[in-house]
Amino acid sequence: MKSFNERCYEILRRVPKGKVTTYKDLAKAMNTKAYRAVGNAMNKNPYAPEVPCHRVIQSDGSLGGFASGTKKKIQMLKAEGVEIINGKINLDKYRYKLR
DNA sequence: CGGTTGACCAAGT
DNA sequence: GACTTGGCCAACC
């Protein structure tokens, strides 16, 4: 039985470059409501380059947090082709449909 | 087992 | 729009 965290990583790792998802959707995809616990998992994320934890944002389109700083997160996403307006992302455009 | 923590969410002020 | 409150759930001590 894998830990809750590893399940997060497995789902998150299939989010393609140039797309994003939200903590809530991620939790929903694994059939739980623990979006908070998901955030915890990301913070600890031991699969740093393998799992794109910077592609996970809040439900309202704002970035949420990032271990190395929110600014870094913005830069990485922009580098992947995601447009960020006023520190927010257009979910209709960039949200990746899980499941 | 209980209490604390957190990269959250929604609704209210 | 900023801040507070209550709710949520897993990990950790």
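Below, read A as the first sequence line, B as the second, and so on, with proteins coming before strands; counting in each chain starts at 1.
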Would you mind reading off the distance between R36(A) atom CZ and dC12(C) atom C1', rounded to a whole angstrom? 15 Å
So N5(A), base contact, sugar-phosphate only, or nothing? Heavy-atom distance under 4.0 Å. sugar-phosphate
Would you kindly compare I57(A) and N40(A) by the position of their nearest DNA chain B nucleotide and give the one closer to the 5′ end? N40(A)
Side-chain ion pair, E10(A) and K2(A), N-O less than 4.0 Å: yes
The side chain of K44(A) is closest to which nucleotide in this list: dA7(B), dA11(C), dA10(B)? dA11(C)
How close or far is atom C1' of dA10(C) from atom OH of Y35(A), stated in whole angstroms? 13 Å
Nearest-Å distance, NZ (K24(A)) to P (dG7(C))? 17 Å
What nucleic acid atoms does A37(A) come within less than 4.0 Å of, heavy atoms only: base, sugar-phosphate, or nothing? base
Distance below 4.0 Å between Q58(A) side-chain N/O and dC9(B) OP1 or OP2: yes
Interatomic distance, M42(A) CE vs dA10(C) P [rounded to whole Å]: 14 Å
Considering heavy-atom distances to DNA chain C, does K88(A) or S3(A) have its closest nucleotide positioned more toward the 5' end? K88(A)
Heavy atoms of K33(A) and A27(A) approach each other most closely as C-CB, 4.4 Å
Rounded to whole Å, please give me the gap between NZ in K33(A) and P in dA10(B). 14 Å
For N43(A) and dA10(C), give me the distance from atom CG to atom C1', rounded to whole Å. 14 Å
Checking S62(A) against D60(A): is there a side-chain donor and acceptor pair closer than 3.5 Å? yes
Hey, is the side chain of S59(A) poking within less than 4.0 Å of OP1 or OP2 on dC9(B), counting only N and O atoms? yes
Shared ILVMFWY cluster between I74(A) and Y94(A), side chains joined below 4.5 angstrom? yes
Give the rounded distance in Å between these two atoms: NZ of K2(A) and P of dA11(C). 14 Å
Between P of dT5(B) and CZ of F4(A), the distance in whole Å: 20 Å
Return the orientation label for the F66(A) and H54(A) ring planes: parallel under 30°, perpendicular over 60°, tilted otherwise. perpendicular
